[in-house]
Visitor: 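For reference, the structure I am asking about is given below.
Letters A, B, ... are given to chains in the order of the sequence lines, protein chains preceding strands, and every chain is numbered from 1. Computation of the quantities below employed the complete heavy-atom set of this structure, encompassing side-chain atoms and omitting hydrogens, waters and symmetry-equivalent molecules.
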There are 2 protein chains.
Amino acid sequence: MLSVDADRRRRPTLDTVAAAVGVSRATVSNAYNRPDQLSSSLRERILETARSLGYAGPDPVARSLATRSSAAVGFMLPQGLSGAFSDPALSIVLDGLASTVDGHDHSLVLMPGDSTGGPRPSIVARAQADVMVAYSLPDSAPAFDAVAARGLPLVVIDQPVLPGSARVEVQDFLGASLAASFLLDQGHSRFGVLTFALHPDGVSGPVSADRRSAVPFRVSRDRLGGYLDTLAKAGVKPDNVPVWEARGSDRELGRLGARWLLTRTPRPSALLCASDQLAFGCLQAARDLGLTVPSDVSVVGFDDVPEAAYSDPPLTTVRQPLADKGRRAGELALKLLAGGRPPRPTRLDVSLVQRASTAPRT
Amino acid sequence: MLSVDADRRRRPTLDTVAAAVGVSRATVSNAYNRPDQLSSSLRERILETARSLGYAGPDPVARSLATRSSAAVGFMLPQGLSGAFSDPALSIVLDGLASTVDGHDHSLVLMPGDSTGGPRPSIVARAQADVMVAYSLPDSAPAFDAVAARGLPLVVIDQPVLPGSARVEVQDFLGASLAASFLLDQGHSRFGVLTFALHPDGVSGPVSADRRSAVPFRVSRDRLGGYLDTLAKAGVKPDNVPVWEARGSDRELGRLGARWLLTRTPRPSALLCASDQLAFGCLQAARDLGLTVPSDVSVVGFDDVPEAAYSDPPLTTVRQPLADKGRRAGELALKLLAGGRPPRPTRLDVSLVQRASTAPRT
DNA sequence: CAGCATGACTGAAGCGCTTCAGTCATGCCA
DNA sequence: TGGCATGACTGAAGCGCTTCAGTCATGCTG
């Protein structure tokens with residue numbers, strides 16, 4: 001402990017190096033940040049001395065203070081990382097984002113959410129980032145106020161418009177509607193819907209009518225709405241469509257919900273899921289119950305994660321360009337950072353990918 | 001652009017608030033950080049004024065500079081986030097870590113690696129974190145020097161000891177050896193091994209003898225070594241065991257490698273994989289080739305990710321306590337931050353989980 | 001050779017905050 | 001009433017860096 005403290009206290013600074021070389025602090029700073037401002041021989045000498053003194057370069061924090069920029073983008077998640085990373089869709093988005101900002105020498109600060117459906121405001125208030133990206137937080141999450149209070153630029157992904165923020169999103173409603181139409185065309189008439197969280201309260205279970213109103217997660221709202229509205233237009237009353245809400249989007253929660261859905265009477269001949277993970281759970285549940293997909297029951301997912309092509313059977317699903325979503329968000333973040341105005345929202349396309357988990361109703 | 005700049009310039013600071021309330025800057029600071037240092041009525045007044053002025057609390061960067069602590073832990077990855085997050089094992093570790101540090105109001109800064117097998121030194125040098133966690137980087141990655149140069153405390157996961165660093169690791173060699181012994185006991189004698197990267201150069205393919213030496217990734221080294229040494233002790237010469245190196249650890253790369261392994265002559269009756277993801281790829285490859293698991297070929301994985309219980313067939317695999325690994329790393333990081341000395345390495349247990357992807361040789 | 005552009009380096013003013021040694025009433029005890 | 005502990009607040013010294021307006025030789029032009 002003592003020695004750590006001592007280490008800290010002794011760490012050389014710009015001044016140390018400047019004194020050792022016999023130049024001004026500004027010159028040493030220039031040696032690192034503006035090589036064109038000094039002769040290369042002097043620069044070499046400075047760098048060499050720095051090395052021998054154990055000086056690792058300008059302190060990032062002090063640098064950030066002086067430049068008023070921390071070269072980092074904050075990423076706000078609706079839940080803890082556990083839930084987050086078990087969702088491959090998020091991983092892909094995050095990767096797209098990370099590679100974009102990393103390419104511009106910005107780092108990524110992760111801000112996990114809690115039961116309120118987003119990071120705590122105190123976390124946001126203290127995060128060392130100069131632009132924030134929100135990923136599918138509930139509408140009016142407290143985190144948004146915290147971002148606004150700091151006056152940080154904001155990019156939202158899968159989120160309704162917020163004043164002054166840039167936005168990238170996917171046509172979730174349309175995608176869901178494509179899937180529902182497809183199944184209707186295949187002759188199905190008894191449906192079940194499996195959605196992920198409608199509310200951030202961590203509840204799983206059958207969805208009552210009142211829980212279906214004022215859904216704060218836009219994605220859930222649109223996918224569920226896209227399914228139910230399309231069915232309703234075709235004459236399938238929402239009241240006759242059992243809906244299960246899973247508190248997260250993973251395979252096991254999907255299995256649980258699907259078990260419930262597949263034991264309703266009459267049994268649905270088609271299951272519409274809000275994500276591929278949930279759909280994988282359905283495949284499992286069907287197996288558990290001795291049902292065959294797709295002859296006994298058709299299943300569609302949403303996202304088209306890579307695994308959807310390899311499941312057994314391969315999944316019919318709604319494709320959205322996940323990596324693009326992340327990349328685009330990264331570009332927007334960098335643009336806002338550079339002082340750009342938020343452009344009009346980027347809307348990404350969806351399409352239905354037909355594989356083997358669906359079949360015409362026999 | 002103008003307005004953003006103006007916004008920036010106008011943002012209130014502690015001084016603005018202090019002046020507005022008519023107290024000293026120190027008192028405003030105390031209102032936020034040491035409520036016991038002033039009367040609660042004054043504190044209320046300060047907070048109220050701050051709110052009305054649009055002051056969001058002390059600037060995190062300035063605060064970090066003054067306190068010489070950025071309340072963040074850096075996480076260094078061997079690859080880009082894409083590869084990283086497609087690996088559920090990493091996600092789980094990261095979640096354990098994140099929830100631990102988040103509970104102590106520390107944030108998480110991600111530092112993705114590149115083709116050198118770790119984050120670029122420049123990234124490390126500029127990262128605003130006061131402790132670093134390295135996850136399975138290659139031995140002597142340049143990132144380590146950068147950490148050392150900054151004098152930051154370091155926690156390594158799955159990594160050989162580095163002077164002054166804390167360490168948590170899993171008994172990979174033992175785990176691999178358990179799996180190999182098990183298959184030997186089951187009567188198998190023709191094996192194939194599927195490993196993830198031995199070197200950070202992004203090469204996939206059959207592994208030659210020279211590539212097998214001086215493997216910089218400890219995990220790869222130990223798992224591969226555990227497999228081959230155990231087989232060798234039982235009389236199965238390493239030269240007779242085909243080994244495929246996948247450049248990453250995902251299902252598709254596994255499938256590719258398994259296709260090669262399963263088309264060797266004689267065909268292996270058992271496949272030993274360095275990860276569950278690779279093993280899932282084997283299951284797929286076997287299906288592709290019209291082989292049945294486990295009657296035609298047995299497959300074992302490594303990690304025991306949740307999905308291993310649900311694959312078809314469920315995977316026999318080596319279990320390691322992934323979440324614990326992350327949590328423990330988080331605790332160590334916090335401990336080092338508090339000035340603690342690195343304790344002796346934490347060694348986590350492994351065990352073999354038998355499921356349905358293995359069978360006695362017929 | 002005067003005049004001037006150029007290159008190389010410096011001084012000092014911040015960036016916004018924390019912290020610690022004080023200062024100054026106040027109230028209490030003997 | 002003197003002495004002193006206590007609570008409330010302040011002044012000023014940093015934290016380590018960037019940046020911009022200079023300063024000062026130096027060499028080039030006409």
Visitor: Paired with C:dG22 by Watson-Crick or G-U wobble geometry, both distances under 3.5 Å: which nucleotide is it?
Guide: D:dC9
Visitor: Are the side chains of A:L108 and A:D102 in contact, using a 4.5 Å heavy-atom criterion?
Guide: no
Visitor: For B:L65 and D:dT18, give me the distance from atom CG to atom P, rounded to whole Å.
Guide: 12 Å
Visitor: How close or far is atom P of D:dG16 from atom CZ of B:R150, stated in whole angstroms?
Guide: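 For the pair B:R150 CZ and D:dG16 P, the rounded distance is 13 Å.
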Visitor: Rounded to the nearest Å, what distance is computed from the CG atom of residue A:L38 to the C1' atom of nucleotide D:dT19?
Guide: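 That distance rounds to 14 Å.
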Visitor: Under 4.0 Å between a Lys/Arg side-chain N and an Asp/Glu carboxylate O for A:R68 and B:D59?
Guide: no
Visitor: May I have the distance from A:N33 (atom CG) to D:dG16 (atom P), rounded to whole angstrom?
Guide: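 It works out to 17 Å between those atoms.
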Visitor: Measure from CZ on A:R45 to C1' on C:dC9 and round the result to the nearest Å.
Guide: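 Spelled out: CZ on A:R45 to C1' on C:dC9 is 12 Å.
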Visitor: How close or far is atom P of D:dC15 from atom CG of A:D59, stated in whole angstroms?
Guide: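 Spelled out: CG on A:D59 to P on D:dC15 is 12 Å.
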Visitor: Could you tell me the separation between the CZ atom of A:R68 and the P atom of C:dC15, rounded to a whole number of Å?
Guide: 7 Å
Visitor: C:dC9, OP1 or OP2 - any side-chain N/O from A:T27 closer than 4.0 Å?
Guide: no
Visitor: Any side-chain N or O of A:S24 under 4.0 Å from OP1/OP2 of C:dC9?
Guide: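 Result: no.
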Visitor: Are any of A:R63's side-chain N or O atoms less than 4.0 Å away from OP1 or OP2 of D:dT18?
Guide: yes
Visitor: May I ask you to evaluate whether B:Y55 reaches the phosphate of C:dC17, defined as a side-chain N or O under 4.0 Å from OP1 or OP2?
Guide: yes
Visitor: Under a plain distance cut-off of 3.5 Å, with no hydrogens placed, do A:S70 and B:Q128 share a side-chain donor-acceptor pair?
Guide: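 Not at all, the side chains of B:Q128 and A:S70 share no donor-acceptor pair under 3.5 Å.
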Visitor: Categorize B:S39 for me: base, sugar-phosphate, or nothing, with a 4.0 angstrom heavy-atom threshold over every strand shown.
Guide: sugar-phosphate
Visitor: Taking the nucleotide of DNA chain D with the closest heavy atom to each, which residue, B:D36 or B:T67, is nearer the 5' end?
Guide: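 Its nearest nucleotide being more 5', the pick is B:D36.
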Visitor: Regarding B:S24 and B:T27, do their side chains bring together a donor and an acceptor under 3.5 Å, going by distance alone?
Guide: yes
Visitor: B:A26 has a side chain; which of D:dT10, D:dC9, C:dA8 sits nearest to it?
Guide: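 Closest nucleotide among those given: D:dT10.
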Visitor: Would one find a side-chain N or O of B:N30 under 4.0 angstrom from OP1 or OP2 of C:dT18?
Guide: no
Visitor: Are A:E48 and A:R51 close enough for a salt bridge, meaning some N to O gap below 4.0 Å?
Guide: yes
Visitor: C:dG11 P sits how many Å from A:D15 CG, rounded?
Guide: 12 Å
Visitor: Hey, does B:V61 reach any base, or is it just sugar-phosphate, or nothing, if we go heavy atoms under 4.0 Å?
Guide: nothing
